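So the structure is just underneath, and the comments pick up after that.
Quick note: residue numbers are just sequence positions, from 1. Computed from a predicted model, the values in this text were never measured in an experiment.
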Amino acid sequence: MAEPGRATMWSAAALVALLTGAAACGETPVAPLPVQPPALSTATPDRSGTPATAAAPTRPSPSTTRSTAAATVRPSPPRGPTPTRSRSTPPPAPTTLPDACLGAVRYDLVLAETELALVRSLCFATGGVLRIRGIGPGEVTVDREDLVSRSYEAGVVDIRFVRVGTVVVTIPQNGTAYPITVVVV
């Protein structure tokens with residue numbers, strides 16, 4: 001085991017060597033960063049029981065001090081396994097809709113209360129339904145039957161938009177046909 005006085009003597013000697021070496025170079029010494037252990041080392045006994053000699057610390061160049069300080073101060077966080085994606089899988093589609101789109105909702109269009117000349121276009125997500133109230137069977141037409149699913153019951157036409165695309169829905173009212181362009185995203 002080392003004697004307490006001897007370890008202090010080595011620490012003081014190393015500190016004097018460090019300060020005189022820095023003064024001889026013309027640079028002012030700097031204090032170590034708070035997270036770095038002090039550059040001074042103490043003598044530790046080897047297996048035979050005699051204290052090992054500690055080498056005097058050397059001052060690294062400023063460029064290496066910055067890189068080692070940055071590595072010491074900011075250790076990289078441990079990372080988990082990197083997710084892998086097969087090349088045949090397409091990237092996921094965006095889940096956000098344009099601001100003007102209503103989404104996959106039911107939109108009620110009551111013909112007795114709505115001026116159809118003011119309704120020019122609508123935007124739905126796939127699965128949205130345009131419900132037209134107050135019209136007879138077979139009066140509402142669509143230009144793209146492959147993009148919709150229609151049903152009629154008791155004066156109500158439900159048009160469900162099942163595929164992405166643009167559909168023109170034509171609604172007759174008072175002898176005039178009003179087209180409504182529906183964009184399905």
Side-chain angles (χ1 to χ4, degrees), residues 27-28 30-39 58-185:
E27 297 179 12
T28 58
V30 294
L33 293 174
V35 295
Q36 289 180 329
T58 59
R59 181 182 170 108
S61 68
S63 63
T64 58
T65 303
R66 285 188 199 114
S67 63
T68 57
T72 306
V73 173
R74 295 182 191 102
S76 62
R79 296 183 182 203
T82 305
T84 59
R85 180 184 293 179
S86 68
R87 295 186 189 270
S88 63
T89 305
T95 57
T96 59
L97 294 174
D99 291 338
C101 280
L102 299 173
V105 298
R106 185 183 79 200
Y107 184 81
D108 289 333
L109 192 62
V110 182
L111 295 180
E113 301 171 358
T114 306
E115 180 63 42
L116 287 177
L118 299 177
V119 182
R120 296 281 198 195
S121 64
L122 294 170
C123 180
F124 291 102
T126 304
V129 176
L130 175 60
R131 176 169 282 180
I132 304 166
R133 296 178 179 261
I135 196 154
E139 293 184 23
V140 177
T141 60
V142 294
D143 69 337
R144 299 278 314 265
E145 288 287 338
D146 60 321
L147 301 181
V148 300
S149 170
R150 296 191 298 167
S151 64
Y152 176 83
E153 185 177 338
V156 178
V157 174
D158 281 341
I159 302 173
R160 179 177 302 274
F161 302 98
V162 295
R163 288 185 186 83
V164 175
T166 302
V167 179
V168 177
V169 178
T170 305
I171 306 170
Q173 187 179 42
N174 299 330
T176 306
Y178 294 97
I180 300 174
T181 303
V182 179
V183 177
V184 184
V185 291

Side-chain donor-acceptor distances from residues 158-171 under 3.5 Å, at least two apart:
residue	atom	partner	partner atom	Å
D158	OD1	R131	NE	2.7
D158	OD2	R131	NH2	2.9
R160	NH1	G127	O	3.1
R163	NH1	D146	O	2.6

Worksheet entry | Partner residues of E153 under the side-chain contact (heavy atoms from CB on, under 4.5 Å) criterion, sequence neighbours left out | none
Discussion item. Give me each pair satisfying ring pair (Phe, Tyr, Trp, His ring centres under 6.0 Å) with a member in residues 136-155, each pair once, sequence neighbours excluded.
Written reply: none
Discussion item. If I take atom CG from residue L130 and atom CZ from residue R150, how far apart are they, to the nearest 0.5 angstrom?
Written reply: 11.5 Å
Would you mind writing out the side-chain donor-acceptor pairs for residues 104-124 within the sub-3.5 Å range, not counting sequence neighbours?
residue	atom	partner	partner atom	Å
R106	NE	D108	OD1	3.2
R106	NH2	D108	OD2	3.3
T114	OG1	V110	O	2.7

Please tabulate, for side-chain N and O atoms in residues 178-185, each donor-acceptor pair with protein atoms closer than 3.5 Å (sequence neighbours left out).
none

